[in-house]
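Worksheet for the structure shown next.
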Amino acid sequence: MTKGLSDRVVMVTGGASGLGLAIARDLMREGATVAIVDIDGACAEREAQALRAAGGRSLGVGADVSKCGELSDAKKQIEDALGPIEGLVNNAGVAVLGAVHDTDDGLWRRVMDVNLDGVFYACRAILPSMQARGRGAIVNIASIAGLVGVPNMAAYCASKGAIIALSRQMAIDYARSGIRVNAIAPGTIGSTRMGAALLGSDLTPEAQARRLAKYPLGRYAEAGEISKAAVFLLSDDASFITGTVLTVDGGMTAY
Ligand code: 1HS
């Protein structure tokens, strides 16, 4: 794929670090204009500045995806500066540990507010522009945790399963408006803040080995292996793909 996203404005939530930043950089390489939205607005603007220095068009905006109004403000700021948003990557998310019996209300709410409501708010803010233009692509970053049970991750699994269901549902409602909606279900990425926190949380070597043994390829993902899937699904190379879940997990869910 070369410059497959030329001149397309794509918004990436949680785009200032980790997987979101890898996606933002890969999008820029494909010619996209990238709006980095992140709860850390200073970091978003710093990374956008780095993309501009590398020759891209980019804007960084601070917003907490769990706050509907902040996303509408971000959308307005982005469209005023860069033009209509034609691509959306819902990447912002939090991972927390806990089984149902030890997940308190606050923890459950936080995970649902960010991981699920955040996707809903971002889609609702951006869909009208996509509908008006009759074109758009949305990629929701779910997880293998939305497909299979992961020990001690009740709220996270529930939120990611809901993202997958919502992606399929939206694909149907918006297909006739020229808007494709897909989800990616990544396995654990070793290098990101979220991945490192998860992998560092089980300290016994046996538990570490048991988790790694679930991955037939014998290792965790690199951020770039997931970001390329996101770029593909956003691009016209995926023009007949909507309502699907692209699992990028080193074979983890093939068991
Ligand atoms: C964090 C990512 O969405 C994957 S959930 C953890 C799965 S595993 O690596 O512990 O099997």
Inset, instruction - Indicate yes or no for a side-chain donor-acceptor contact from Arg8 to the backbone of Val34 under 3.5 Å, with no hydrogens or angles considered. - result: no
Inset, instruction - Examine Val96 and Leu199 and state if one hydrophobic cluster contains both, with Ile, Leu, Val, Met, Phe, Trp and Tyr joined whenever side-chain heavy atoms are less than 4.5 Å apart. - result: no
Inset, instruction - Sequence neighbours left out, what passes side-chain hydrogen bond (donor to acceptor under 3.5 Å, both in side chains) with Asp173? Give chain and number order. - result: Gln169
Inset, instruction - Mark yes or no for whether Asp38, through its side chain, and Gly62, through its backbone, hold a donor-acceptor pair below 3.5 Å. - result: no
Legend entry - Smallest separation among heavy atoms of Asp64 and Glu70, with atom names: N-OE1, 2.7 Å
Inset, instruction - Apply side chain to side chain contact (heavy atoms under 4.5 Å, CB included) to Val114 and list each qualifying residue two or more places apart in sequence or on a separate chain. - result: Val65, Ser66, Val94, Arg110
Inset, instruction - May I ask you to list the residues sharing a hydrophobic cluster with Leu97, side-chain cutoff 4.5 Å, ordered by chain and number? - result: Val150, Met153, Tyr156, Met194, Leu198
Inset, instruction - Without swapping roles, check the side chain of Thr253 against the backbone of Asp249 for a donor-acceptor pair under 3.5 Å. - result: no
Legend entry - Over 12 non-hydrogen atoms of neighbours within 6.0 angstrom of CZ in Arg219: yes
Legend entry - Side-chain (Arg168) to main-chain (Val245) donor-acceptor, under 3.5 angstrom: no
Inset, instruction - Apply side-chain contact (heavy atoms from CB on, under 4.5 Å) to the pair Ile241 and Phe232, showing each step before the final yes or no. - result: CA-CA 10 Å; Ile241 303 180; Phe232 166 66; 3.7 Å; yes
Inset, instruction - Please answer whether the main-chain N or O of Leu107 pairs with a side-chain N or O of Asp104 as donor and acceptor at a distance below 3.5 Å. - result: yes
Inset, instruction - Mind jotting down which residue pairs meet the ring-ring contact (aromatic ring centres under 6.0 Å, His included) criterion with at least one end in residues 173-218? Sequence neighbours excluded, please. - result: Tyr215-Tyr220
Inset, instruction - Verify the neighbour count for atom NZ of Lys214: are there more than 12 heavy atoms of other residues, nucleotides or ligands below 6.0 Å? - result: yes
Inset, instruction - Write down the atom of Ala74, the atom of Ala63, and the distance for their closest heavy-atom approach. - result: CB-CB, 4.2 Å
Legend entry - Beyond-backbone contact of Val89 with Val10, side-chain heavy atoms, under 4.5 angstrom: yes
Legend entry - Co-membership, hydrophobic cluster, residues Val9 and Val37, 4.5 Å side-chain: yes
Inset, instruction - Return the set of residues passing salt bridge (charged side-chain N to carboxylate O under 4.0 Å, His left out) with Glu222 (not counting sequence neighbours), or none when no residue passes. - result: none
Please table the atom pairs, donor to acceptor, closer than 3.5 Å between any side-chain atom in residues 121-128 and protein atoms at least two apart or in another chain.
none

Legend entry - Closest contact, heavy atoms only, Pro216 versus Gly250: CD-O, 3.2 Å
Legend entry - Spacing of CD1 belonging to Ile144 relative to OG1 belonging to Thr188, to within rounding of 0.5 Å: 5.5 Å
Inset, instruction - Would you list the pairs meeting side chain to side chain donor-acceptor pair (under 3.5 Å) in which at least one residue belongs to residues 14-27, sequence neighbours left out? - result: Asp26-Arg29, Asp26-Ser227
Inset, instruction - Identify the two heavy atoms, one from Ala142 and one from Ile164, that lie closest to each other, and give their separation to 0.1 Å. - result: CB-CG1, 3.6 Å
Inset, instruction - Is it possible for you to say whether Leu59 and Leu88 belong to one hydrophobic cluster, with membership spreading through side-chain heavy-atom contacts below 4.5 Å? - result: yes
Legend entry - Spacing of Thr244 atom OG1 and Arg180 atom CZ [to the nearest 0.5 Å]: 11.0 Å
Legend entry - Residues, nucleotides or ligands: over 12 heavy atoms within 6.0 Å of Asp105 CG: no
Inset, instruction - Identify whether Ile23 and Leu51 are in the same connected component of the hydrophobic contact network (ILVMFWY, side-chain heavy atoms under 4.5 Å). - result: yes
Legend entry - Partner residues of Asp80 under the salt bridge (charged side-chain N to carboxylate O under 4.0 Å, His left out) criterion, sequence neighbours left out: Lys76
Inset, instruction - Is it possible for you to say whether Ile78 and Leu5 belong to one hydrophobic cluster, with membership spreading through side-chain heavy-atom contacts below 4.5 Å? - result: no
Legend entry - Any Val119 side-chain heavy atom under 4.5 Å of Asn115 side chain: no
Inset, instruction - Check whether any side-chain heavy atom of Thr33 sits under 4.5 Å from a side-chain heavy atom of Met28, and report yes or no. - result: no
Inset, instruction - Could you note down all residue pairs passing ring-ring contact (aromatic ring centres under 6.0 Å, His included) where residues 3-54 supplies at least one of them, sequence neighbours left out? - result: none
Legend entry - Check: Ile189 and Leu19 side chains under 4.5 Å, non-hydrogen atoms: yes
Legend entry - Separation of Glu47 CD from Ile36 CD1 (nearest 0.5 Å): 6.0 Å
Inset, instruction - Go through the steps for Lys75 and Glu79 under the test salt bridge (Lys or Arg N to Asp or Glu O under 4.0 Å), then give the verdict. - result: CA-CA 6 Å; Lys75 181 243 182 197; Glu79 295 206 328; 3.3 Å; yes
Inset, instruction - Identify the two heavy atoms, one from Ile184 and one from Pro186, that lie closest to each other, and give their separation to 0.1 Å. - result: O-CD, 3.2 Å
Legend entry - Distance in Å, Ile179 CD1 paired with Thr242 OG1, rounded so as to fall on 0.5 Å steps: 9.5 Å
Legend entry - All side-chain hydrogen bond (donor to acceptor under 3.5 Å, both in side chains) counterparts of Gln208, not counting sequence neighbours: none
Inset, instruction - State whether the side chain of Arg133 and the backbone N or O of Pro84 hold a donor-acceptor pair below 3.5 Å, judged by distance alone. - result: no
Inset, instruction - Taking side chain to side chain contact (heavy atoms under 4.5 Å, CB included) as the test, write out the residues that go with Arg52, two or more places apart. - result: Glu45, Ala48, Gln49, Ser58
Inset, instruction - Any chance you could measure Leu116, atom CG, to Lys160, atom NZ, to the nearest 0.5 Å? - result: 10.0 Å
Inset, instruction - For residues Ala171 and Val181, report the shortest heavy-atom separation together with the two atoms involved. - result: CB-O, 3.8 Å
Legend entry - From Asn182 atom CG to Met170 atom CE, the distance as rounded to the nearest 0.5 Å: 11.0 Å
Donor-acceptor contacts under 3.5 Å from residues 134-141 side chains, at least two apart:
unit_1, atom_1, unit_2, atom_2, d
Arg135, NE, Glu86, OE1, 2.6
Arg135, NH2, Glu86, OE1, 2.9
Asn140, OD1, Asn90, ND2, 2.8
Asn140, ND2, Ser167, OG, 2.9

Legend entry - Intermediate values then yes/no, side chain to side chain donor-acceptor pair (under 3.5 Å), Ser235 and Glu30: CA-CA 9 Å; Ser235 77; Glu30 290 302 324; over 6 Å; no
